[in-house]
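Values in this document were obtained by computation on a predicted structure and should not be read as measured data.
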Amino acid sequence: MESSLDKQQMRDWLEEVLPNALMECKEPKPEDDTLIVYEVNRLFDWVKIKRLKRNYPNSIIVPIVTEHLTYSTGIAIELVLPALLIKPLQKSKFLRIVKKLHTSYQEKKGSTLTMLELTQQISQHQTSPFREAFLKRLIRGEIDNEQEIIQSASFLSTNCIPNMVFLIQGYIDVNEQRAHPQDACSIITTVIQQKFADKAPLSFLHFERYLLLLLRIPKDYNSFKHWSEGKASLLEVIETLKKDHCIHLFMGVGGVFQDAMQVKESYTQARKARRKPPIEHSYTVLRRFNEAPTASKSHSIYRGAF
């Protein structure tokens, strides 16, 4: 902690609820069981926290994040940290977390920070980091119980949980005698939002080296190829980007999975589809990701488990 005032304040609060239970340790050993409170003032501080977690495997690390960096707090979920605090510190929240960690330690039980507990630390209009962290875990297949799905309602409405995944790559045709966009990614997401407006809830996720479109198509359709309105919108996206912005897309499309915990399979299918030779969209041929490919010279293409 950089502020000596904050340090003294925490000491006083700890002494008030847990007298003589904790001792200050200035230089812990790697094997010690310690509580490390680390203030996050810069994005690079998350890297330092990751190092602390590696170097002190038996310790509990609690980041205290300055208000202007609340957008980065989803990293706490990525690092599987047991708790998190937001500045300015509030006595009630600080003591509640300390009591929880102390009880967990006494009972020798592991405890990690849940999405619900994390979102309770900050205001509702700052929950986008948790939506992103939740969606990344969903795509990785790390969410394996319905309780986490239920808790996600604190920052993501149920009808916004995707049931299929589009994997998007592309390029700008510099040979076109027109001005070229400076931020192609922003243009792609804007056009998709415009064309799919009021048709289906969607969100975007930068994942690995891809841009993912996470879509929740109407439950009446178990395959994208049966949703004519969605297919028409997708073709409009491809044509608009190519004609108006010189942007050519390569897309892989996964299957539809109504069970949120199976959405990872849609991402896997979308990756497999993207690796296959393209299908020219002007033929409006929609093939499953494991069907025989058709060669094409078009650069605005998509294929998948529709």
Side-chain angles (χ1 to χ4, degrees), residues 70-78 80 112-168 188-190 192-208 210-227 229-231 233-234 237 251-274 289 302 304-306:
T70 51
Y71 71 89
S72 70
T73 48
I75 299 174
I77 295 292
E78 298 286 327
V80 198
T112 57
L113 184 64
T114 67
M115 288 280 188
L116 180 60
E117 291 170 325
L118 201 157
T119 54
Q120 289 173 343
Q121 297 290 325
I122 67 174
S123 60
Q124 285 299 307
H125 69 278
Q126 295 175 316
T127 56
S128 58
F130 313 118
R131 288 196 296 272
E132 182 177 339
F134 171 80
L135 291 172
K136 283 184 177 180
R137 297 188 66 233
L138 194 69
I139 295 302
R140 293 193 192 106
E142 296 174 354
I143 294 179
D144 56 6
N145 64 81
E146 292 185 359
Q147 189 60 34
E148 287 197 65
I149 304 295
I150 294 171
Q151 289 181 352
S152 71
S154 62
F155 51 85
L156 184 70
S157 61
T158 304
N159 66 351
C160 288
I161 295 177
N163 56 15
M164 68 176 305
V165 177
F166 289 70
L167 188 150
I168 302 173
I188 291 170
T189 56
T190 298
I192 291 175
Q193 287 172 331
Q194 291 171 346
K195 301 302 182 182
F196 279 87
D198 303 322
K199 293 183 177 65
L202 60 83
S203 55
F204 298 96
L205 187 66
H206 292 278
F207 190 74
E208 296 179 344
Y210 308 115
L211 171 66
L212 302 186
L213 165 61
L214 309 178
L215 197 64
R216 185 171 186 85
I217 71 172
K219 63 181 179 181
D220 297 332
Y221 305 100
N222 59 10
S223 174
F224 186 75
K225 69 180 179 181
H226 297 148
W227 187 33
E229 190 176 17
K231 292 190 320 188
S233 296
L234 184 58
V237 167
M251 301 178 70
V253 186
V256 177
F257 294 85
Q258 301 300 342
D259 184 349
M261 288 181 285
Q262 294 299 313
V263 175
K264 63 178 181 179
E265 299 299 333
S266 185
Y267 170 67
T268 300
Q269 291 179 357
R271 287 195 62 171
K272 290 179 179 178
R274 175 61 192 91
F289 78 98
Y302 60 98
F306 303 102

* Walk me through it: do Leu212 and Leu167 pass the test side-chain contact (heavy atoms from CB on, under 4.5 Å)? => CA-CA 5 Å; Leu212 302 186; Leu167 188 150; 4.0 Å; yes

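- Scanning both residues, Gly252 and Ala273, for their nearest heavy atoms gives CA-CB, 4.0 Å.
- Summarising the geometry of Gly254 relative to Ala270, their closest heavy-atom pair is N-CB, 3.7 Å, with the distance given to 0.1 Å.
- Of all non-hydrogen atoms in Lys264 and Leu138, the two that sit nearest each other are CB-O, 3.8 Å.
- Ile192 is not listed as a side-chain neighbour of Phe166, based on a closest heavy-atom distance of 4.5 Å or more.
- The OG atom of Ser72 sits 11.0 Å away from the CD atom of Glu132 when rounded to the nearest 0.5 Å.
- Taking CD1 from Ile139 and NZ from Lys136, the interatomic distance works out to 11.5 Å, rounded to the nearest 0.5 Å.
- Arg137 places no side-chain N or O within donor-acceptor distance of the main-chain N or O of Ile143, the cut-off being under 3.5 Å.
- Note that CG of Asp220 and NE2 of His226 are 12.5 Å apart. Values are rounded to the nearest 0.5 Å.
- The backbone N or O of Val263 sits nowhere less than 3.5 Å from a side-chain atom of Ser266 that would complete a donor-acceptor pair.
- The CG atom of Leu215 sits 5.0 Å away from atom CH2 of Trp227, with the distance rounded to the nearest 0.5 Å.
- Note that the CD1 atom of Ile188 and the CD atom of Gln193 stand 12.0 Å from one another [nearest 0.5 Å].
- With Ile217 as the fixed residue, the side chain to side chain contact (heavy atoms under 4.5 Å, CB included) test singles out one of Glu229, Met164, Lys199: Met164.
- Heavy atoms only, all atoms of each residue included: Leu214 and Pro162 are closest at CB-CB, 3.6 Å.
- Between Met251 and Leu234, the shortest heavy-atom distance links the atoms CE-CD1, 3.7 Å.
- Without hydrogens or angle criteria, Gln269 side chain to Gly255 main chain gives a donor-acceptor distance under 3.5 Å.
- For the pair Lys231 (side chain) and Lys225 (backbone), a donor-acceptor distance under 3.5 Å is present.
- When all heavy atoms of Arg140 and Phe207 are compared, the pair lying nearest together is CG-CZ, 3.7 Å.
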